[in-house]
Amino acid sequence: MALGKYTPEEVEKKWQEIWKDSRCFEVEVDPSKPKYYVLEMFPYPSGKIHMGHVRNYSIGDVVARFKSMQGYNVLHPMGWDAFGLPAENAAIKNKTHPAKWTYQNISEMREQLQRLGYSYDWRREIASCRPEYYKWEQKFFLKFLEKGLAYRKDSPQNWCPDCNTVLANEQVVDGLCWRCESEVEQKDMEQWFLRITDYADELLKDLDTLDTGWPERVLTMQRNWIGRSYGAELTFQVKDMDETIKVFTTRPDTISGATFMSVAAEHPMVETLTKDADNKTEINAFITNIRNMDRIKRGAEDLEKEGIFTGKYCINPITGLEIPIFIANFVLMGYGTGAVMAVPAHDQRDFEFAKKYKLEIKTVINPVELHDKGEILNESTMEAAYTAPGILVNSGDFNGMENESAKKAIVEHLDKSGLGTMSVNYRLRDWNISRQRFWGAPIPIIYCDDCGIVPVPEDQLPLILPENAQVRADGKSPLPQMEEFVNCECPKCGKAARRETDTFDTFFESSWYYMRYCDPRNETEPFSQEATDYWMNVDQYIGGIEHAILHLLYSRFFTKALRDTGFIKTTEPFANLLTQGMVLKDGGKMSKSKGNTVDPNSMINRYGADATRLFILFASPPVKELEWSDQGIEGAFRFLSRLWRLVEGLEDKLQAVQPASSNDPQIDAAKQLRFKEHDTVRRATRDIENEFQFNTVIAAVMELVNEIYGLREALKDADPKALSSAIATAVTLLSPITPHVCEELWQALGHTTTLTKQPWPTYDEAALIKDEVTLIVQVNGKMRAKFQMANNAPKDEVEKVALGLENVMAHTDGKTIRKVIVIPNKLVNIVAN
RNA sequence: GCCGGAGUGGUGAAACUGGUAUACACACCAGACUUAAAAUCUGGAGAUCGCAAGGUCGUGCGGGUUCAAAUCCCGCCUCCGGUACCA
């Protein structure tokens with residue numbers, strides 16, 4: 001069969017059809033084979049794929065094809081994270097329904113992905129906006145409700161005025177909305193929450209099990225986000241009032257040094273404390289000022305510490321002394337109890353505050369060096385708080401104790417009078433899942449005047465998002481105005497009732513989609529036990545670092561919550577995580593606003609899917625950033641053409657042999673080629689297995705191709721089998737990366753089966769042993785000469801030859817040879833002076 | 001401040017357990033082919049001195065360990081990413 005000119009569009013179309021017809025990427029549960037689940041984060045159907053997607057999905061495709069060649073039963077699905085705000089905005093703009101826009105985008109993006117030749121089992125495709133999908137998460141929600149994992153609460157929430165909805169803490173980045181970057185406001189609202197904090201400890205502890213599979217920095221980010229700190233909750237009596245204030249502290253050992261107390265402006269006690277203060281107006285102005293300050297300014301590092309005295313005192317439970325209560329701008333209601341016992345001598349913030357307002361500073365922890373000299377840290381000359389360990393002083397019965405043991409002793413003492421207990425505090429907050437948006441899954445709840453909150457009965461699921469809704473020009477959800485949606489019967493008492501009109505946070509959908517892929521068409525349950533027992537968990541997950549906390553934390557939580565509600569046995573969803581680097585252009589992130597985007601479609605049109613994939617995998621290792629280069633993709637295309645021409649030029653000489661099958665080379669050229677061939681298999685396998693370093697895999701194959709070019713004249717008549725074997729190896733090794741062109745060349749070699757059924761090549765150790773090796777000679781560590789010698793020549797012989805080399809003699813002349821180090825088959829180092 | 005990562009040619013990047021620093025590619029230069037160009041094939045190339053053989057320097061900076069360091073240790077500098085009044 002004549003190969004002709006390399007025209008990617010023809011080759012790619014041809015093989016995509018063959019793969020589709022042969023259904024070679026469709027997989028089923030098969031306990032007789034080891035499984036491998038490779039998953040890339042599913043995209044939001046924005047309409048067009050971008051280079052970030054191409055990179056993400058190309059990496060995943062190589063992994064999938066490679067593992068499949070290694071004999072695994074590979075699950076490699078794709079779908080759509082299809083709920084979200086852009087669809088609503090587009091619907092407003094085009095006066096259409098978000099669903100229409102979304103489904104149209106999905107079909108366009110699906111086509112683009114298919115043009116790239118990815119090995120997905122397309123039968124498993126899911127779109128999270130379909131009732132058949134979100135039905136199950138409505139069911140999960142009802143189960144969570146039963147279990148007490150879902151609850152409703154009225155509290156200040158992050159409100160994005162642009163998106164017209166609340167946001168979870170994780171979705172507020174530097175005080176800005178993660179999606180639209182508007183300034184987030186605070187707003188009191190009644191909302192639905194999931195008790196992710198119930199799992200805080202487990203989420204933290206299980207990070208240790210991901211130690212080898214996840215990038216260090218993602219683990220660290222999650223640990224910081226959960227923010228576990230161990231300390232104590234202590235109770236302070238308010239003087240002359242029947243009230244107490246609880247504080248959380250990690251330093252109960254310093255309590256005797258607590259000379260005042262700071263509470264947050266939002267603290268519920270503030271109103272009571274300041275009710276009859278003389279300067280009530282001043283206090284109110286101070287509070288209003290803090291509360292109106294936006295989050296960025298309030299959180300700024302250089303924000304001046306400010307406070308105001310409430311006029312009230314509380315009693316230090318250890319010293320019995322009265323200490324003033326302040327409202328302070330740096331105390332956050334969202335952490336701990338919203339009140340802090342202030343120990344200026346041993347906390348930097350309290351120190352600064354005390355200096356500013358001339359409050360007492362009292363040393364209670366003494367540095368050991370001073371203590372040994374019989375001295376005590378002098379408060380009046382201190383320039384910063386002393387936060388290191390030490391010995392207790394000015395602390396009554398606890399004097400002389402080491403501060404670490406004093407922590408426990410003091411809390412135990414307070415516990416006797418019910419004023420203190422050891423406690424753990426987390427930075428993590430419960431997950432607010434209510435969204436005041438239309439394009440999301442409806443929360444299956446009914447409000448009845450008589451029965452209160454009533455869950456939608458399970459047999460009424462899915463609770464379908466109305467298809468006839470008209471999106472509003474002001475961006476607000478149309479649901480609350482839709483009588484036919486809102487009005488319903490109470491399932492309990494049958495009276496008229498109202499439906500919840502909020503929808504789920506869209507992170508709800510992405511928190512379990514990888515489970516649904518295991519059994520995506522199941523109509524009676526979210527997924528069968530059989531399917532998830534076999535496929536879960538995901539062996540290799542691939543996606544962007546931007547989800548280090550959000551999606552990855554929610555998914556981990558969901559997995560555990562679904563385990564505890566009996567849906568699945570898995571505890572951690574993703575065994576291994578690869579976060580691919582960004583795609584840059586001209587040193588910056590590709591973005592529409594910068595106008596430096598490169599459209600994957602135009603690259604495919606011009607150079608083909610294979611060249612696009614090749615470049616993106618060659619230019620940088622997957623975890624690193626990738627600088628886009630127009631010349632680079634040109635070069636990738638040139639390499640594929642070069643490989644093509646190699647086969648084309650030898651067409652009548654080549655045979656349909658297996659990779660690495662030339663076993664008996666007679667001439668030097670064949671020996672040399674055989675060595676290179678086996679060495680390439682060794683390197684390629686090693687580099688894929690070592691963190692998927694596809695860039696060096698490609699470099700190795702390029703070297704092999706260069707070698708074949710150099711030897712082809714010598715071998716084409718003398719040993720065509722050696723050439724055929726080497727070409728077969730190159731094509732096979734490259735096939736996960738550039739599958740279409742490799743299939744075509746494989747066929748041109750005379751093979752009748754496809755590469756999708758071809759095993760990954762193996763190499764023969766014996767082929768890597770050379771008759772002669774090159775040795776390096778150093779004199780005092782500097783390279784002076786090289787020479788050829790028989791493999792494994794005896795040390796003394798090697799030494800003799802090395803010492804006799806001309807340039808070596810020149811450098812050792814007149815010197816005494818002290819030592820000669822011989823590393824077999826590698827190097828000789830002569831130490832002389 | 002803290003946590004993570006990275007500093008290697010003109011550029012993207014290699015270097016497996018310490019053992020020829022710069023593989024592979026891009027860009028560049030030269031030769032072959034061509035009337036010419038493109039494409040292709042072959043070759044060159046870290047800097048510097050030298051006609052050459054060869055020498056000297058060279059992996060952010062300064063030390064150290066070692067026969068031998070891009071690689072290990074100590075101390076810094078710069079850049080990127082994340083994160084922070086978290087009590």
Side-chain angles (χ1 to χ4, degrees), chain A residues 173-174 215-221 223-225 227-229 231 247-251 254 262 264 298-305 328-332 334-343 346-350 352-353 425-427 545-546 548-549 581-582 584 614-615 618-621 623-636 638-639 641-642 645 682-683 686-687 690 693 695-706 709-710 774-786 806-807 810-811 818-823 825-832:
Chain A
V173 181
D174 292 333
E216 185 61 37
R217 62 171 174 156
V218 176
L219 296 174
T220 308
M221 284 165 80
R223 286 192 183 107
N224 290 343
W225 188 262
R228 181 182 199 273
S229 56
V247 301
F248 173 78
T249 178
T250 53
R251 296 294 305 270
T254 65
S262 310
R298 194 170 167 184
E301 192 177 352
D302 50 6
L303 180 73
E304 175 82 19
K305 288 179 182 41
N329 64 348
F330 63 89
V331 180
L332 309 171
Y335 185 78
T337 60
V340 185
M341 67 172 207
V343 185
H346 307 293
D347 180 284
Q348 188 57 28
R349 289 159 305 182
D350 298 340
E352 287 168 30
F353 194 86
N425 200 42
Y426 297 93
R427 211 182 84 113
I545 186 75
E546 65 274 17
I549 293 172
M582 275 191 303
L584 309 178
L614 180 65
F615 169 70
F618 178 57
S620 185
V623 295
K624 282 182 71 173
E625 291 177 336
L626 181 145
E627 174 73 29
W628 182 266
S629 155
D630 290 335
Q631 280 107 351
I633 190 169
E634 184 93 37
R638 249 185 343 238
F639 170 74
S641 309
R642 185 167 146 86
R645 276 194 310 273
R682 182 187 64 85
R683 285 169 60 189
R686 180 196 68 194
D687 291 352
N690 176 30
Q693 307 264 331
N695 56 329
T696 52
V697 174
I698 295 164
V701 175
M702 284 174 167
E703 280 185 49
L704 175 61
V705 170
N706 290 344
Y709 259 89
T774 304
L775 286 112
I776 305 303
V777 188
Q778 298 179 332
V779 178
N780 292 329
K782 285 190 181 172
M783 214 266 277
R784 295 302 178 191
K786 333 177 173 183
E806 196 185 338
N807 200 38
H811 282 91
R818 302 282 176 196
K819 202 174 178 185
V820 179
I821 289 134
V822 179
I823 310 292
N825 291 341
K826 252 188 187 152
L827 150 150
V828 181
N829 191 8
I830 298 155
V831 187

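In what follows, every chain begins at residue 1, and chains take the letters A, B, ... in the order their sequences are listed.
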In 5'-to-3' order, the base (B), backbone-only (S) or no-contact (-) status of each nucleotide in nucleotides 3-14 of chain B, using a 4.0 angstrom heavy-atom cut-off, is SS-------BSS
A:R228: partners by salt bridge (charged side-chain N to carboxylate O under 4.0 Å, His left out), with sequence neighbours left out:
A:D201
Chi-angle category of B:rG9 [syn within 90° of 0, anti beyond]
syn
So, using side-chain contact (heavy atoms from CB on, under 4.5 Å) as the criterion, who are the partners of A:R349 when residues are at least two apart?
A:K305, A:F330, A:D347
What's the gap between B:rG7 and B:rG12 when it is taken at their C1' atoms, as a whole Å value?
15 Å
Between B:rG46 and B:rU40, how many Å separate the two P atoms, rounded to a whole number?
24 Å
Quick check on B:rA25: is either OP1 or OP2 less than 4.0 Å from any side-chain nitrogen or oxygen of A:N706?
yes
Using a cut-off of 4.0 Å between protein heavy atoms and nucleotide atoms, how would you tag nucleotides 26-31 of chain B 5' to 3' with B, S and -?
SS----
When the C1' atoms of B:rU11 and B:rA27 are compared, how many Å lie between them, rounded to an integer?
7 Å
Can you tell me, in whole Å, how much space there is between the P of B:rC80 and that of B:rU59?
24 Å
Has A:S262 got a side-chain atom pairing as donor or acceptor with A:V340's backbone, closer than 3.5 angstrom?
no
Just to verify, what does A:T696 make a side-chain hydrogen bond (donor to acceptor under 3.5 Å, both in side chains) with, not counting sequence neighbours?
A:D687
Contact pattern, 5' to 3', of nucleotides 51-57 of chain B - B, S or - by protein heavy atom under 4.0 Å
---SSSS
side-chain hydrogen bond (donor to acceptor under 3.5 Å, both in side chains) involving A:Q348 - partner list, sequence neighbours excluded:
A:E352
Taken in chain and number order and not counting sequence neighbours, the residues that satisfy side-chain contact (heavy atoms from CB on, under 4.5 Å) with A:R427 are A:W225, A:Y335
Interatomic distance at C1', B:rC29 relative to B:rC77, whole Å:
37 Å
Distance check, P atoms only: B:rA6 and B:rC72, in whole angstrom units.
11 Å
Test of understanding: with side-chain contact (heavy atoms from CB on, under 4.5 Å), list the residues that count as partners of A:A699, not counting sequence neighbours.
A:F618
Apply side-chain hydrogen bond (donor to acceptor under 3.5 Å, both in side chains) to A:E627 and list each qualifying residue two or more places apart in sequence or on a separate chain.
none
Residues passing the salt bridge (charged side-chain N to carboxylate O under 4.0 Å, His left out) test with A:R784, sequence neighbours excluded, are none
Which whole number of Å gives the distance between the C1' atom of B:rU48 and that of B:rU65?
31 Å
For A:Q631, side-chain hydrogen bond (donor to acceptor under 3.5 Å, both in side chains) partners two or more places apart
none
